Every structure is written in structure tokens, then in C-alpha cells.
Student: 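The following block contains the structure, expressed as C-alpha cells.
Everything numeric in this text was worked out from a predicted model, so none of it was measured. Computed over heavy atoms, backbone and side chain alike; hydrogens, waters and symmetry mates excluded.
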Amino acid sequence: MSLFGPPNIEKLVKNNNYSGLIVATRYRRDPAIRIHAIQALSEKWLYRPLDGMNFASIIASVTRVLSVSAKKDPDPEVKQTALRGLTKLHLICSGKISKAGRLQVAELASLLSHYVVTGDDSLASDAAVELSSFQNLRWLLPASTQLSKDLASWLARQINQGKLDVALPIIGLLVKLGEEKTVATLVKQYPPTTRLDFLSHLIQTQPASAARIAASIGYREAVPLLLQHLDHKNPEIATALAALHATEAIEPLLAILPVGGDAEKYKAEIDALSQLGDASLVEILLDRAEQHPNAFHGIEIAVFAGLGRRELGWLTDALIRAASQREWGILMEALGVLDDKNTVPVILEQAMRFPHAGILPQVMEKLQDNRFAPFLVAYLNNRDAIAPKQAAHALGYLSDPLIVPALVQVAKADGGQLAGFAVEALEMQYKSQSLSAADKQLILQTAAHLQSKHADKENHTDDGFKGAISDCTHTDYDYHSDHGHQIKV
């Protein structure tokens with residue numbers, strides 16, 4: 001540094017003279033020199049020659065110097081440059097030393113509180129913008145910070161004074177600090193146009209928060225804004241539209257849902273449709289399914305299930321009206337997700353059209369209605385039936401004189417997996433309070449029969465080879481003197 005002239009910033013940078021640059025930030029005669037020095041201290045390449053220990057020490061010193069400049073320098077431009085410099089230092093520290101990176105955030109938060117208290121609105125707004133640029137802000141800030149309280153009171157003052165340009169960055173920062181409820185309470189007090197200004201600004205960078213705030217204050221005027229930003233990347237917007245009862249969102253929500261898509265990945269959109277839809281949505285979903293007969297209809301079925309959880313009457317009526325005109329499979333799936341006994345007659349009527357269909361036992365098990373028992377018993381004996389194992393399992397939940405004899409016949413005649421399902425169903429029947437004494441005795445006799453079917457007193461292994469005497473199919477590495485499945489009663 002020259003003894004008789006201003007500091008030579010270029011020379012100080014070339015020599016990596018950190019202390020000289022720090023001194024230059026306090027050069028009183030020329031604010032341009034101070035700005036130049038602060039900008040140099042904010043450049044990443046200046047710190048490349050440093051090792052870890054020296055890096056942390058020098059970064060900490062520079063952070064304190066820039067904080068002092070941002071707080072006490074008489075020139076506003078120098079203060080603004082120091083604020084931006086603290087942000088740059090944080091980025092320089094990212095990935096190197098987390099403690100050092102937190103230091104700049106803490107200093108910026110302290111400066112923002114200082115500007116708020118002293119009424120320096122312009123610099124407070126600048127500091128808010130700098131802080132808002134950080135990711136994971138709540139993690140970075142000290143737990144003892146009073147920043148949220150300071151910001152909330154200052155925000156109200158700015159709004160009351162009509163300084164929306166100053167207030168808008170503060171809203172985004174408060175949201176990042178986890179103060180959505182505070183923002184919602186404040187925003188709700190102001191006219192609709194002011195609310196829309198706030199949400200329009202917030203939704204650009206924090207769409208999820210904007211959506212939640214709009215929903216929490218019941219702000220219906222925000223629906224067009226939310227629809228503009230509705231997409232699969234922002235599921236909270238779909239949730240907010242449902243909370244605001246925005247039926248105009250039904251068509252855009254349907255457009256987001258892909259044919260054959262995974263329902264789990266579109267849960268928010270499906271839930272929103274389930275809350276907003278009415279009888280007209282039934283026809284739309286059935287049309288969509290029929291137009292793509294080879295696609296997986298998980299999304300459409302999930303919407304039907306959601307609609308059914310909300311209200312059964314009109315949905316059941318709409319599906320029953322469609323029974324004679326619609327593609328059979330999707331209609332059965334839709335009826336199957338409703339827990340409504342009124343669907344039993346139409347399911348049985350449709351089952352007569354396709355008595356071997358694989359979906360029928362699944363649909364009938366869902367409702368667990370005894371009126372399905374005769375059909376399921378016949379299904380067990382139907383050689384063309386696609387899902388007899390599911391039918392056997394479904395019979396375990398029902399009560400009818402036909403059930404136990406039919407299951408016993410399968411358990412005795414079949415040595416494979418179907419017998420296993422029949423045995424499980426018989427075990428369920430045995431535990432039933434409504435089981436007759438005759439049926440209980442029949443189950444006990446069948447259990448004894450299965451146990452003694454092969455009594456060769458040999459210890460069978462599970463390698464697939466059972467010898468010439470026994471064809472035991474157990475795979476539990478235990479001793480067996482029987483063939484096949486056993487009823488545990």
C-alpha cells in the first residue's frame with residue numbers, strides 16, 4: 001500500500017495481500033476505493049492458495065470486516081456492496097467449512113434486524129433479498145435469532161405505508177424462515193388486490209408456500225393464479241385448489257394425469273379430483289379408460305376410490321346407470337373400490353355375463369357380502385375361472401351353508417396352491433361365530449383326514465425330492481408325516 005496515495009487494489013490482489021485489502025475497506029477519502037476493496041475480498045479465486053486452517057481464519061476476519069462496512073460505512077453504495085459481498089463469501093464457503101458458511105448468514109440476519117430497527121428500509125430490503133437467496137435458511141440461522149419478529153412488525157409497517165416494493169421480498173424471507181402462518185395472518189388483513197400482489201410475487205420462487213397461504217386464508221381470488229402454475233412439480237397447488245373448492249380445476253388436473261400412470265406418484269392430483277369431482281367426472285373417467293383399453297387404469301380407479309370415500313350415493317347411482325353401456329372391466333374395478341352394499345345386485349348381474357373373469361373374486365372380497373357366496377362356490381368349480389385361489393380366499397370371510405362343503409372338496413382333491421387357499425379359508429370359517437356345529441365337525445374331520453393322508457413317519461427335506469413313499473410339499477424345514485396342507489384348528 002502506498003504511503004502517500006490511495007491503496008492500489010490491483011497490486012494488493014496480485015500479491016494476495018488480505019490484510020492490505022481489509023485496511024483498504026476503511027479508506028475514508030474515496031468510497032470507490034472501499035467498494036473496490038470489498039469486491040476484491042468477495043472473489044472466490046482470491047482464496048484458492050489458502051489451506052483449510054488459514055482459509056477459515058481469513059474468511060472469518062473478512063466476514064467481520066464486511067459486516068462492519070455494511071453497518072457503519074457512511075456511503076449507501078458501500079453498504080450495499082458489503083451486503084452482496086457477504087453473500088458471495090457464503091457461497092465461497094459452501095462445501096468447505098459449514099461453520100464459516102453459517103457466519104455470513106448470521107451477520108446478514110443481524111444486519112437486517114439492525115436496518116429494520118433503525119428504519120433503513122432500502123438496505124433492509126437489500127439484506128432481505130440477499131438472505132432469501134440462501135438454501136436451507138432455517139438450518140443456517142442461529143436458533144436464538146429474533147429476525148422473524150423484527151420482520152413481521154416491519155412488514156406490517158411497510159404494507160400500511162403502501163411500500164409494496166419493499167414488503168414483497170420480506171414476505172418471501174418470512175416464508176423461508178418457516179413463518180407461513182404469520183404471513184397468512186398479515187396478508188388476510190389487506191384488500192384482495194394487495195393479497196394477489198403478495199401471492200403473485202411469492203409463487204414465482206416458492207409456489208408451495210403461496211398455495212398453502214392462499215388455502216389457509218380461503219382466498220378464492222387466487223384460483224386463476226394457482227391454475228397458471230399448476231403442474232405435477234407443485235402438488236401443493238392441487239391441494240390448495242381442492243381446499244378452495246375450485247371446480248374449474250377439474251379439467252386441468254385431469255390433463256396432468258397420464259394414461260397408465262402410477263397413482264402413487266400423482267396422489268395430490270388424485271386427492272384433489274376426489275374432493276372436487278361430481279357425477280360428471282364418472283363419465284369422463286369411464287370415457288378415458290375405454291379410449292385406452294390396454295392401459296393400466298390405476299389412476300382412474302384411485303379417483304373412483306377417492307370419490308367413494310367422500311360420498312357414496314350419487315357415485316353408486318352413476319356407476320349403476322353406466323353398467324349396461326360401459327366397458328365391463330373398468331366398471332367392475334370402479335364398483336370394487338366402493339364400500340357400498342347397494343352395488344351387490346349390479347355386480348352379480350354383471351358377473352353372470354362373464355362368470356370366469358379374474359376380477360370378480362377381488363371385487364366380491366372387498367364388499368364381503370354373503371349374497372356373493374353361491375357365485376363364488378360355483379366359481380371354484382368353474383374350470384375356466386381365472387382366479388379360483390382368490391375365490392377360495394374370499395369365501396373365508398362369508399357365511400353360507402354352501403361354503404364349508406365346497407372348500408373341503410377342494411382341500412381334499414387338490415394338492416397344490418388352490419388347496420392351500422381352501423385350507424386358509426376353512427381356518428377362517430372355523431373361527432367364525434356364525435359357523436354351524438355340522439360345518440365345524442366337517443372341518444375337524446377334514447383336518448384329521450389331511451394329517452393322516454401319508455403317514456410314512458419320515459423326516460422330509462425341502463429339496464424337491466420326497467422319495468417313493470411320500471410326496472410332501474412343505475418347505476419349512478420341519479418334520480412332516482403328512483401330504484400337502486394342514487388345517488390348524
Side-chain angles (χ1 to χ4, degrees), residues 1-50 54-94 96-97 100-134 140 147 154 158 163 165-166 168-170 172-173:
M1 186 180 298
S2 172
L3 295 176
F4 305 103
N8 187 330
I9 302 301
E10 287 77 10
K11 186 176 181 180
L12 292 171
V13 169
K14 185 177 181 181
N15 294 329
N16 289 324
N17 190 336
Y18 305 102
S19 60
L21 287 168
I22 287 174
V23 171
T25 63
R26 298 191 287 268
Y27 185 72
R28 296 182 180 180
R29 297 181 181 179
D30 189 351
I33 294 293
R34 300 198 298 274
I35 290 173
H36 197 180
I38 291 170
Q39 289 172 337
L41 287 169
S42 307
E43 294 297 333
K44 183 176 182 179
W45 48 263
L46 184 69
Y47 301 95
R48 286 177 182 167
L50 298 174
N54 288 329
F55 175 84
S57 176
I58 290 176
I59 283 289
S61 296
V62 173
T63 298
R64 287 191 291 271
V65 167
L66 296 194
S67 181
V68 170
S69 295
K71 188 174 185 179
K72 297 183 177 181
D73 197 285
D75 189 284
E77 190 176 351
V78 175
K79 289 181 176 179
Q80 290 174 338
T81 305
L83 286 174
R84 290 191 292 270
L86 286 168
T87 300
K88 288 185 176 181
L89 285 181
H90 172 75
L91 296 175
I92 292 169
C93 293
S94 297
K96 284 195 173 186
I97 301 175
R102 285 187 176 187
L103 182 59
Q104 295 86 43
V105 179
E107 292 293 343
L108 279 168
S110 176
L111 286 166
L112 178 51
S113 290
H114 169 74
Y115 297 145
V116 168
V117 170
T118 58
D120 196 332
D121 294 343
S122 178
L123 283 172
S125 183
D126 290 340
V129 170
E130 297 300 329
L131 271 177
S132 296
S133 67
F134 298 143
L140 290 167
L147 184 60
W154 185 60
Q158 301 309 306
K163 298 179 180 179
D165 57 330
V166 177
L168 290 175
I170 306 304
L173 181 54

Student: With a sphere of 6.0 Å drawn around CD of Glu77, does it hold more than 12 non-hydrogen atoms of other residues, nucleotides or ligands?
Tutor: no
Student: When rounded to the nearest 0.5 angstrom, what is the spacing between NE2 in His114 and CG in Leu111?
Tutor: 7.5 Å
Student: Give a yes or no on whether the backbone of Leu46 and the side-chain of Tyr18 come within a donor-acceptor separation of less than 3.5 Å.
Tutor: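 Pair found, side chain donor or acceptor close to backbone of Leu46.
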Student: With side chain to side chain donor-acceptor pair (under 3.5 Å) as the test, pick out the partner of Asp73 among Arg26, Arg34, Lys79.
Tutor: Arg34
Student: Just to verify, which of Thr25, Val23, Leu21 counts as forming a side-chain contact (heavy atoms from CB on, under 4.5 Å) with Val65?
Tutor: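 Of Thr25, Val23, Leu21, side-chain contact (heavy atoms from CB on, under 4.5 Å) with Val65 is met by Thr25 alone.
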Student: Return the CG to CG distance between Asp75 and Asp30, rounded to the nearest 0.5 Å.
Tutor: 9.5 Å
Student: For Ser42 and Leu66, run side chain to side chain contact (heavy atoms under 4.5 Å, CB included): C-alpha distance rounded to whole Å, both residues' side-chain angles, the deciding distance at 0.1 Å, then the answer.
Tutor: CA-CA 9 Å; Ser42 307; Leu66 296 194; 4.0 Å; yes
Student: Mind checking whether Leu112 and Val116 have side chains closer than 4.5 Å, heavy atoms only?
Tutor: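 Side-chain contact under 4.5 Å: yes.
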Student: Is there a side-chain contact between Leu103 and Ile59 in this structure, where contact means two heavy atoms from C-beta onward sitting under 4.5 Å apart?
Tutor: no
Student: Is any side-chain heavy atom of Phe134 closer than 4.5 Å to a side-chain heavy atom of Leu108?
Tutor: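 Contact flag for Phe134/Leu108 side chains = yes.
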Student: Just by distance, do the side chain of Ser57 and the backbone of Asn54 share a donor-acceptor pair under 3.5 Å?
Tutor: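 No; judged by distance alone, with no hydrogens or angles, the pair does not exist.
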Student: Distance-only, no hydrogens or angles: does the Ser133 side chain make a donor-acceptor pair with backbone N or O of Glu130 under 3.5 Å?
Tutor: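 Yes: the side chain of Ser133 pairs with the backbone of Glu130.
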Student: For residues Thr118 and Leu123, determine if any side-chain heavy atom of one lies less than 4.5 Å from a side-chain heavy atom of the other.
Tutor: no
Student: Would you call Phe55 and Ile92 a side-chain contact if the rule is heavy atoms closer than 4.5 Å?
Tutor: yes
Student: Indicate yes or no: at least one non-hydrogen side-chain atom of Glu10 is less than 4.5 angstrom from one of His36.
Tutor: yes
Student: Which distance, rounded to the nearest 0.5 Å, do you find between the CD of Gln39 and the NZ of Lys88?
Tutor: 6.5 Å
Student: Please determine which of Leu83, Ile35, Ile38 meets the side-chain contact (heavy atoms from CB on, under 4.5 Å) test together with Ser69.
Tutor: Ile38
